[in-house]
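Shown next, in structure tokens, is the structure this report addresses.
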Amino acid sequence: MITIFVLVFSTSLVFAQANKTQQKDNTKPFVLGVIDEIQSKELAEKRVLNIYLPEGYRESDTTKYPVIYLLDGSADEDFIHIVGLVQFNSFEWINHVPKSIIVGIATVDRRRDFTFPTKIEGDKKKYPTSGHSDQFISFIEKELQPFIEKKYKTNASKTIIGQSLGGLLETEILLKKPTLFNKYIIVSPSLWWDNGTLLGQDSKIFQDSFNQKTDIYIGVGKEGLTPTELPRVMEVDANLLAEKLKGTKSKNVKVYFDYLPQEDHATILHQAVSNSFRLILSKN
């Protein structure tokens, strides 16, 4: 009886193992978008782009889509959760924003790409690669936008999203080259850079002759003092920017200021972008 039991047990064990090895692995990758690359002459490097294409996107269709350019757009940065917001808000049963293409610009060196030259000696030493936003803006204008518009089915709507130093870069683009985008989502901008000199920048956007319809959202949380020798407050700087922009003589510019006291510098982006969609991207 013992011998029979051992034989039956061994046979069952071998059969179970053999059956297990014959089972197919039915797992598949979950695809959220595509990874593209662009060789930049302006930056002298190759840049990675994470691209989200909306449901129903087909090369053969005549439909064209708005484009949302996302700074800090790496997969381990803000790309995934911003894509989620866009997808959710563009569901047919919600229909708050139009289906859109998202271009996540993967980060290489934020200090280099997002800041203009500073006169603050301490920051020059602390951030030695800083001060080359002009090259990054040229990359966006001369290389990235033409690349996206040629390769993907885009319409004339161009939005840019950025936080912190990304918000600083957006503000610089808005003031120096305002027609690069027609919708700006600026979150917790680091306007303290170079002791706030960007707040004194003049711009075509303040003139009554500025004729591009432009929507600007500025969101800030309860963030307090900035990392500067001279005391500055994030909320105050953001509010100063909003008030300055609201003083434009152009009737084509709309400015929305959003104070989110329940959020701080680390938590604000997701909620602020969600709020901005209702204000400047809404279809209703």
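- Lys41 places no side-chain N or O within donor-acceptor distance of the main-chain N or O of Glu143, the cut-off being under 3.5 Å.
- Ring pair Tyr57/Tyr65: centre-to-centre distance below 6.0 Å.
- With rounding to the nearest 0.5 Å, the separation of CD1 in Ile216 from CG in Leu279 is 13.0 Å.
- A cation-pi arrangement is present between Lys176 and Phe116, with the terminal nitrogen or guanidinium carbon under 6.0 Å from the aromatic centre and inside a 45° cone about the axis.
- Between Asp264 and Lys222, none of the side-chain N atoms (NZ, or NE/NH1/NH2) sits under 4.0 Å from a carboxylate O, so this pair counts as no salt bridge.
- Taking every heavy atom of both residues into account, Thr118 and Lys124 meet most closely at O-CE, 2.7 Å.
- Using a 4.5 Å cut-off on side-chain heavy atoms (C-beta onward), Lys249 and Phe210 make no contact.
- Counting heavy atoms from C-beta outward, Met234 and Val236 have side chains that stay 4.5 Å or more apart.
- Counting all heavy atoms, side chain and backbone alike, Phe181 lies closest to Lys158 at CB-O, 3.5 Å.
- Using modelled atom types and a 3.5 Å distance limit, the side chains of Asn275 and Asp258 yield a donor-acceptor pair.
- Asn89 places none of its side-chain heavy atoms less than 4.5 Å from the side chain of Leu281.
- A donor-acceptor pair shorter than 3.5 Å can be found between the side chains of Ser164 and His265.
- In terms of modelled atom types and a separation under 3.5 Å, the side chain of Asp194 and the main chain of Gly196 share no donor-acceptor contact.
- By the rule that hydrophobic residues join a cluster once side-chain heavy atoms approach within less than 4.5 Å of another member, Leu240 and Leu230 end up as members of separate clusters.
- Atom NZ of Lys244 has more than 12 neighbouring heavy atoms from other residues, nucleotides or ligands inside a 6.0 Å radius.
- A donor-acceptor pair under 3.5 Å is formed between the side chain of Glu235 and the backbone N or O of Gly224.
- No continuous path of ILVMFWY side-chain contacts below 4.5 Å connects Ile140 to Leu70, so the two sit in separate hydrophobic clusters.
- Checked for salt-bridge contact, Lys177 and Glu141 meet the test: a charged N lies under 4.0 Å from a carboxylate O.
- Between Ser282 and Phe277, every side-chain heavy-atom pair lies at or beyond the 4.5 Å cut-off.
- Side-chain N/O atoms of Thr27 and Asp25 include a donor and acceptor closer than 3.5 Å.
- For the 3.5 Å distance criterion, the side chains of Glu149 and Thr154 fail to qualify, holding no donor opposite an acceptor.
- Using a 4.5 Å cut-off on side-chain heavy atoms (C-beta onward), Trp193 and Ile120 make no contact.
- When every heavy atom of Ala272 is checked against every heavy atom of Tyr217, the shortest pair comes out as O-OH, 3.3 Å.
- Between His96 and Phe88, every side-chain heavy-atom pair lies at or beyond the 4.5 Å cut-off.
- Between Leu71 and Leu169 there is a side-chain heavy-atom pair separated by less than 4.5 Å.
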> Are Ile218 and Tyr256 close enough, and set up right, to give a side-chain contact (heavy atoms from CB on, under 4.5 Å), and what steps lead you there?
Replying inline: CA-CA 6 Å; Ile218 300 170; Tyr256 303 88; over 6 Å; no

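- Asp215 and Tyr184 are not linked by any side-chain donor-acceptor pair at a separation below 3.5 angstrom, with hydrogens and angles left out of the test.
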> Which is it for Ile160 and Lys183 under the side-chain contact (heavy atoms from CB on, under 4.5 Å) test, yes or no, and what are the steps along the way?
Replying inline: CA-CA 7 Å; Ile160 183 169; Lys183 297 180 187 294; over 6 Å; no

> Under the side-chain contact (heavy atoms from CB on, under 4.5 Å) criterion, do Ile35 and Leu49 qualify, and how do the steps go?
Replying inline: CA-CA 6 Å; Ile35 299 174; Leu49 307 173; over 6 Å; no

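- Contact annotation: the side chain of Lys213 never approaches that of Asn182 to less than 4.5 Å [non-hydrogen atoms, C-beta and beyond].
- Note on ring orientation: taking the six-membered ring where Trp is involved, the planes of Phe114 and Phe136 are perpendicular (angle over 60°, cut-offs 30° and 60°).
- When all heavy atoms of Val220 and Ser188 are compared, the pair lying nearest together is CA-OG, 4.1 Å.
- Cluster annotation: Leu241 is connected to Leu174 through the hydrophobic network of ILVMFWY side chains, with a link wherever side-chain heavy atoms come within less than 4.5 Å.
- Follow the hydrophobic side-chain contacts under 4.5 Å out from Ile185 and you never reach Val253; the two are in separate clusters.
- Of all non-hydrogen atoms in Ser203 and Leu175, the two that sit nearest each other are OG-O, 2.7 Å.
- Between atom CG of residue Asp76 and atom CG of residue Asp72 there is a gap of 10.0 Å, rounded to the nearest 0.5 Å.
- Residue Leu198 holds its CG atom at 13.0 Å from CH2 of Trp192, rounded to the nearest 0.5 Å.
- For the atom pair Ser130 OG and Lys125 NZ, the distance stands at 13.5 Å (nearest 0.5 Å).
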> Checking side-chain contact (heavy atoms from CB on, under 4.5 Å) for the pair His132/Asp134: CA distance, chi angles, key distance, verdict?
Replying inline: CA-CA 5 Å; His132 299 283; Asp134 57 335; 4.3 Å; yes

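- Ionic pairing of Glu77 and Arg110 is not present here: no N-O contact between side-chain nitrogen and carboxylate oxygen is shorter than 4.0 angstrom.
- The minimum heavy-atom distance linking Pro189 with Gly219 is given by the pair CD-O, 4.3 Å.
- Thr214 and Gln212 form a side-chain donor-acceptor contact under 3.5 Å, judged by distance and modelled atom types alone.
- Using a 4.0 Å cut-off between charged side-chain N and carboxylate O, Lys151 and Asp36 make a salt bridge.
- Taking CD1 from Ile102 and CG from Asp78, the interatomic distance works out to 11.5 Å, rounded to the nearest 0.5 Å.
- Side chains of Asp109 and Thr129: a donor on one and an acceptor on the other come within 3.5 Å.
- The backbone N or O of Leu43 lies less than 3.5 Å from no partner atom in the side chain of Gln135, so there is not a single donor-acceptor pair.
- Val67 and Ile82 are assigned to two separate hydrophobic clusters, defined by single-linkage of ILVMFWY side chains at heavy-atom distances under 4.5 Å.
- Remark: the Ser250 side chain and the Thr248 side chain contain no N/O donor-acceptor pair separated by less than 3.5 Å.
- Residues Arg232 and Glu223 are not paired through a salt bridge, judged by the lack of any N-O separation under 4.0 Å between the basic side chain and the carboxylate.
- Side-chain contact of Glu45 with Ser40: a donor-acceptor pair under 3.5 Å is absent, judged by distance alone.
- Checked against Ile68 for a side chain to side chain contact (heavy atoms under 4.5 Å, CB included), the options Val273, Leu85, Val86 give a single hit: Val86.
- Taking NZ from Lys204 and OG from Ser209, the interatomic distance works out to 9.0 Å, rounded to the nearest 0.5 Å.
- The environment of Lys64 atom NZ is sparse: at most 12 non-hydrogen atoms of other residues, nucleotides or ligands sit within 6.0 angstrom.
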